[in-house]
Undergrad: 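Have a look at this one.
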Amino acid sequence: MTRPSNVPAIAILPIRLFFGATFLYAGVDKLLDPSFFDPSAPTSIQAQLLAFARFSPLADLIRASLPLAGWIGLAIAIAEIGIGIGALTGLAFRIAAVGGATLSLLFFLTASWTTHPYYVGADLPYAVGWLALAIAGHGDLWIPAAVRQLEWGGASGAIGGFGADPPGGLSGRQRRRRLAAKQASRGRAAVPLGQGTTAVIAQGATARRTTAASDDEPPSPERRALLQTGLLALIAAVLATLALPLRAIGIFTEPRTGGGTAPLPGSSPGPTASAAANASVAPGPTGSTAGGSVVARLADVAQGGGAAAFTVPFDAPAPLPAGDPGIVVQLADGSFVAYDAVCTHAGCTVEWDQPDVALVCPCHGAAFDPARGAAVLQGPARRPLASIPIVVDQAAGTISLGT
Ligand code: FES
């Protein structure tokens, strides 16, 4: 039996609703984001894992999981949806809260690991908040009737989970059964024989009486938790399926090569790259002297409003940031520059902001000036983005890695 807490359930309601809505939104948003599952996109789960592998204490684990990046992204999205629904409805509440704490801790060890000072990142506070919710329970507040039914025999009004009386108290039949059980227990020992059946054996007596439980016998707390967790997972999976648009068909396809995109780590450059390596090259603004893998086409930059994202090939020679997301920008004078798109603040991937003519980080708002060596226009980043040498072949319409 869970002991009632002195904490009023209303006290945890704001954080519960905020966390629940945020996780639900984050999960659905991932599924609806066209770039999240596109390996060639700088904001894809693949690109994010590659960036995390550069500094996370879980780097080895992340690298080993790279071939499953698409599935990992999908699992994270479904888990977030399930956790959000659990927090909002109270369904498998504590399990959802523990899941939220675990996921947030994982994000802290990857996405937010280099955030300094540590309290600037959101993931650690989320992990602690979820932990508090897991300890407190939902307090039987704002629970739909269907969930209350599933918690039959669960906590009543108290900040707690399973094991107490149902909301509204016991029914007359339940009270009679409990009373009978109490009377029977005086001088007798109750021995459970299995699900739905209890044999009451009189101590020192010759009579033996067995009562079969009726259908309204409450399931054990473990069964209730299992039932609720399964239901929650089912709801999350159904919602995820509904959220996935038809383009999901392409979720797990191989990354494209050439055509303005770069291969995933370990894959060989596409045919366009081979051709470009033999083409006559014109030195780029970064002083490159030799052509390498094609990372973008001039047409891609024009289509992208003055910039194109790419991934630095994994086999790129040092000191090139192999595996990193990169971005090439055409400046006002017509020249091209390329930078490592990993934000120097905490490792998020910067994006091209055409109206502001800047590279902007979506995580904490840092901005960099591509025309001045990616100098910091706005913090919290303190260092400019790393420059990537490129070779522009105007005749072939390609941009390749330089040396
Ligand atoms: Fe914080 Fe980029 S990661 S501003």
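One-based numbering, in listed order, for ligands and for the atoms of each.
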Undergrad: Does the ring-ring contact (aromatic ring centres under 6.0 Å, His included) test come out yes or no for F368 and Y339, once each step is laid out?
TA: CA-CA 10 Å; F368 305 87; Y339 297 101; 8.9 Å; no
Undergrad: Keeping the roles fixed (side chain from R297, backbone from T398), state whether a donor-acceptor pair exists under 3.5 Å.
TA: no
Undergrad: Hey, could you give me each pair passing salt bridge (charged side-chain N to carboxylate O under 4.0 Å, His left out) that has a residue in residues 105-129? Not counting sequence neighbours.
TA: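 Salt bridge (charged side-chain N to carboxylate O under 4.0 Å, His left out) check on residues 105-129 returns no pairs.
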Undergrad: Could you pull out the N/O/S protein atoms under 2.8 Å of atom 2 (Fe) of ligand 1, ignoring any water?
TA: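 Result, waters dropped: C343 SG, C361 SG.
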Undergrad: So, for F23 and W130, is the gap between ring centers shorter than 6.0 Å?
TA: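 Ring-ring flag for F23/W130: true, centres closer than 6.0 Å.
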Undergrad: Mind running salt bridge (Lys or Arg N to Asp or Glu O under 4.0 Å) on R63 and D60 for me, showing each step along the way?
TA: CA-CA 5 Å; R63 284 194 199 96; D60 289 341; 3.4 Å; yes
Undergrad: Are any side-chain N or O atoms of S56 and backbone N or O atoms of L109, one a donor and one an acceptor, separated by less than 3.5 Å?
TA: yes
